[in-house]
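Here's the structure we're looking at; comments come further down.
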Amino acid sequence: MDGTTGLAEEDGTSVEALPGYAELLSGSYSAVLGALRECTDCGLEPSARALREHARLSPVEVALFFTCVVLWTKLRRALSAHVFEPFAWWCRFQPKDVEKMPESAWKFVFYTVSWSYSTYLLFFSNYTFFQDPPSVFYNWKSGMSVPTDIAIAYLIQGSFYGHSIYATLYMDAWRKDSKVMVFHHVITLALITFSYAFRYHNIGILVLFLHDINDIQLEFTKLNVYFKNRGGSYYLLNDILSNMGSVSFSITWFWFRLYWFPLKVLYASCITSLQSVPNIPFYFFFNTLLFTLLVMNIYWFLFIVLFVVKVITGQMEEVTDVREYEEDDKLHKVKRDDNGHQGSGEGKRVQNGINKKKHL
């Protein structure tokens with residue numbers, strides 16, 4: 001990549017003021033109409049030609065992606081069986097929480113590492129994409145090289161979302177929003193794959209940074225919910241931490257996904273991208289995926305609002321995941337032998353009213 005792309009100048013980098021929602025809507029409307037009038041790759045044949053001309057994805061990169069998908073799945077299976085689940089039994093979690101804890105622990109560990117790396121790239125290196133979002137398209141060129149540090153982030157995140165599609169269907173607890181979650185993973189994987197192939201990797205790092213932090217807080221909160229009633233006792237510290245986590249999760253969801261994401265990412269991708277790269281390839285495709293991601297963020301924010309309403313009205317006395325089905329306690333009962341191992345009820349989930357065996 002050109003050494004000046006997204007890098008701070010020695011004499012300082014000018015940072016544009018964050019636009020408002022009204023400016024985003026009016027600017028997007030004008031930009032989309034203008035792009036439609038001047039579109040050079042609209043239609044099936046022009047799109048196919050643009051794909052051949054601008055997309056760059058080598059067989060080695062594809063092979064690395066599928067290899068890492070398998071490795072993530074095997075690593076999760078190993079950690080769940082030999083670390084997370086035994087640790088949950090050692091902590092004397094309730095049987096229903098022993099089933100759920102490995103999923104939350106796995107996601108908490110991954111998203112903490114991945115978000116920390118994105119934070120490092122955006123705030124502790126020379127990239128200025130967060131402070132100056134329009135810079136994500138400065139000096140863009142078709143087929144430009146991807147910096148190694150960003151390529152590593154893309155390989156980690158892309159392969160993880162490939163694994164997550166399988167995991168949501170066959171490993172995770174089935175929830176009210178699981179179908180939407182699968183759709184979300186597909187959209188995210190498409191964004192990661194095509195943004196890498198078209199060399200829109202700069203804006204991709206910004207998108208990942210703005211989304212991963214909420215997953216850390218969600219899983220942190222759920223882990224403390226499991227910890228607070230372990231061994232037949234109540235632990236006030238974990239109850240306080242779970243409440244703090246839920247408040248922090250609610251605030252940062254709005255701030256990162258519904259404020260910064262549209263006003264930094266969508267404004268840059270929909271409006272300023274055309275100023276830096278007129279007739280930018282696959283403009284409508286990428287912006288459609290990004291706006292779809294915004295709609296899903298709003299959908300999940302409704303669950304957060306539902307949670308807050310239940311707490312305020314007294315319908316909920318403690319932190320719980322409102323996306324989960326209210327299952328009969330018998331589905332959670334797990335028999336254990338003298339050595340502390342689970343019985344035949346191990347690894348079952350309820351999906352659409354039927355038991356779903358967990359592939360771990």
Report task. Report yes or no: does S276 contribute a side-chain atom to a donor-acceptor pair with the main-chain N or O of S273 at less than 3.5 Å? Result -> no
Requested in this report: Spell out, as yes or no, whether a donor-acceptor pair under 3.5 Å connects the side chain of S30 to the backbone of G27.
Outcome: no
Requested in this report: For S233 and N229, indicate whether the former's side chain and the latter's backbone hold a donor-acceptor pair under 3.5 Å.
Outcome: no
Query raised in the report: Applying the 4.5 Å side-chain criterion to the ILVMFWY set and letting contacts propagate, would I251 and F249 be lumped into a single cluster?
Result: no
Report task. Kindly indicate, with the supporting measurements, whether the criterion side chain to side chain donor-acceptor pair (under 3.5 Å) is fulfilled by E53 and S142. Result -> CA-CA 8 Å; E53 291 177 357; S142 178; over 6 Å; no
Query raised in the report: Do W106 and S80 have side-chain atoms, one donor and one acceptor, less than 3.5 Å apart?
Result: no
Report task. With side-chain contact (heavy atoms from CB on, under 4.5 Å) as the test, would you mind laying out the steps for V186 and Y161 before giving the verdict? Result -> CA-CA 8 Å; V186 171; Y161 278 101; over 6 Å; no
Query raised in the report: Among pairs that include at least one residue of residues 116-126, which meet salt bridge (charged side-chain N to carboxylate O under 4.0 Å, His left out), considering only residues two or more places apart or in two chains?
Result: none
Query raised in the report: Any idea how F130 and W260 line up, ring-wise: parallel (<30°), tilted (30 to 60°), or perpendicular (>60°)?
Result: perpendicular
Report task. Would you give the length of the straight line joining atom CG of L57 to atom OG1 of T193, rounded to the nearest 0.5 angstrom? Result -> 7.0 Å
Requested in this report: Answer yes or no: is there a donor N or O on one side and an acceptor on the other, between the side chain of S178 and the main chain of W174, under 3.5 Å?
Outcome: no
Report task. Would you kindly confirm whether L294 and Y29 end up in one hydrophobic cluster when ILVMFWY residues are joined by side chain heavy atoms under 4.5 Å apart? Result -> no
Report task. Find the distance between CD1 (I152) and CG (L155) and round it off to the nearest 0.5 Å. Result -> 8.5 Å
Query raised in the report: Taking side chain as C-beta onward, heavy atoms only, is R52 less than 4.5 Å from R49?
Result: yes
Report task. Please report the C-alpha distance between H163 and F160 in whole Å, then the side-chain angles of each, then the deciding distance to 0.1 Å, and finally whether the ring pair (Phe, Tyr, Trp, His ring centres under 6.0 Å) criterion is met. Result -> CA-CA 5 Å; H163 150 79; F160 183 80; 5.6 Å; yes
Query - Aromatic plane relationship, Y259 with Y21 - under 30° parallel, 30 to 60° tilted, over 60° perpendicular - result: perpendicular
Requested in this report: May I ask you to check whether over 12 heavy atoms, not counting those of L44, lie within 6.0 Å of atom CG?
Outcome: no
Query - Minimum heavy-atom distance A153-L121, with the two atoms named - result: CB-CD1, 4.2 Å
Requested in this report: Tell me, please, which residues at least two apart from S104 pass side chain to side chain donor-acceptor pair (under 3.5 Å).
Outcome: E219
Query raised in the report: Any idea how F285 and F194 line up, ring-wise: parallel (<30°), tilted (30 to 60°), or perpendicular (>60°)?
Result: perpendicular
Query raised in the report: Can you list the steps and then say if T128 with Q131 is a side chain to side chain donor-acceptor pair (under 3.5 Å)?
Result: CA-CA 5 Å; T128 61; Q131 298 85 351; 5.4 Å; no
Query - Residue among N202, D149, D132 satisfying side-chain hydrogen bond (donor to acceptor under 3.5 Å, both in side chains) with Y127 - result: D149
Query raised in the report: Is the number of heavy atoms from other residues, nucleotides or ligands within 6.0 Å of CZ (F124) greater than 12?
Result: no
Query raised in the report: Tell me, which pairs form a salt bridge (charged side-chain N to carboxylate O under 4.0 Å, His left out) where one or both residues lie in residues 270-280, sequence neighbours left out?
Result: none
Query - Expected output: side-chain S242 to main-chain D239 donor-acceptor under 3.5 Å - result: yes
Query raised in the report: Just checking, any donor-acceptor pair under 3.5 angstrom between side chains of Y267 and E23?
Result: yes
Requested in this report: Please state whether the rings of F220 and F108 are parallel, tilted or perpendicular, taking 30° and 60° as the class boundaries.
Outcome: tilted
Query raised in the report: Strictly under 6.0 Å, is that where the ring centroids of H201 and Y196 end up?
Result: no
Query raised in the report: Hey, quick one: are L64 and V146 part of the same hydrophobic cluster, counting side-chain heavy atoms closer than 4.5 Å, chains of contacts allowed?
Result: no
Query - Flag side-chain contact, heavy atom, 4.5 Å: F286 against P281 - result: no
Query raised in the report: Does E61 use its side chain to pair, donor to acceptor, with the backbone of S58 at less than 3.5 Å?
Result: yes
Requested in this report: Give every residue pair that meets the salt bridge (charged side-chain N to carboxylate O under 4.0 Å, His left out) criterion with at least one member in residues 242-262, sequence neighbours excluded.
Outcome: D215-R257
Query - Contact check, side chains of T188 and H184, non-hydrogen atoms, under 4.5 Å - result: yes
Query raised in the report: Going by distance alone, is a donor N or O of one side chain under 3.5 Å from an acceptor N or O of the other, for T272 and Q275?
Result: no
Query raised in the report: How long is the span from the CG atom in L79 to the CZ atom in F110, to the nearest 0.5 Å?
Result: 13.0 Å
Report task. Examine distances only and state if a side-chain atom of S135 and a backbone atom of Y138 form a donor-acceptor pair shorter than 3.5 Å. Result -> no
Query raised in the report: Could you give the distance from CG (L122) to CG (L208), rounded to the nearest 0.5 Å?
Result: 9.5 Å
Query raised in the report: Would you find a donor on one side and an acceptor on the other, under 3.5 Å apart, between the side chain of S248 and the backbone of M244?
Result: no
Query raised in the report: Out of curiosity, I150 CD1 to I205 CD1, how far, rounded to the nearest 0.5 Å?
Result: 5.0 Å
Query raised in the report: Is Y234 linked to I240 within one hydrophobic cluster, defined over Ile, Leu, Val, Met, Phe, Trp and Tyr using a side-chain heavy-atom separation of less than 4.5 Å?
Result: yes
**Report entry** W72/R76 under side-chain contact (heavy atoms from CB on, under 4.5 Å): CA gap, chis, key distance, verdict
**Finding:** CA-CA 6 Å; W72 284 128; R76 173 175 174 175; over 6 Å; no
**Report entry** F282/Y200 aromatic ring centres below 6.0 Å
**Finding:** no
Query raised in the report: Please, which pairs that meet side-chain hydrogen bond (donor to acceptor under 3.5 Å, both in side chains) have at least one residue in residues 110-121, sequence neighbours excluded?
Result: S114-D212
Query raised in the report: Is there side-chain contact between V113 and I156, with at least one heavy-atom pair below 4.5 Å?
Result: no
Requested in this report: Answer yes or no: is there a side-chain heavy-atom contact under 4.5 Å between F129 and P134?
Outcome: no
Query raised in the report: Within a strict 4.5 Å, meaning less than it, do heavy atoms of the H185 and L189 side chains meet?
Result: no
Query raised in the report: Any ion pair linking K107 and D172 (charged N to carboxylate O, less than 4.0 Å)?
Result: yes
Query raised in the report: Between atom CG of N224 and atom OG1 of T221, what is the distance when rounded to the nearest 0.5 Å?
Result: 7.0 Å
Report task. Please check if M171 and V70 belong to a single hydrophobic cluster, counting links between Ile, Leu, Val, Met, Phe, Trp and Tyr side chain heavy atoms closer than 4.5 Å. Result -> no
Report task. Could you tell me whether the side chain of V295 reaches within less than 4.5 Å of the side chain of F291, counting heavy atoms only? Result -> no
Query raised in the report: Can you tell if the side chain of F254 reaches within under 4.5 Å of the side chain of I304, non-hydrogen atoms only?
Result: no
Query raised in the report: Below 6.0 angstrom between ring centroids: does that apply to F227 and Y235?
Result: no
**Report entry** Short side-chain to backbone donor-acceptor contact, S28 and L25, under 3.5 Å
**Finding:** no
Report task. Please name all residues satisfying ring pair (Phe, Tyr, Trp, His ring centres under 6.0 Å) with Y299, sequence neighbours left out, ordered by chain then number. Result -> F303
Requested in this report: For a ring pair (Phe, Tyr, Trp, His ring centres under 6.0 Å) with H211, tell me which candidate from W300, W253, F261 qualifies.
Outcome: F261
Requested in this report: Please answer whether the main-chain N or O of S269 pairs with a side-chain N or O of N287 as donor and acceptor at a distance below 3.5 Å.
Outcome: yes
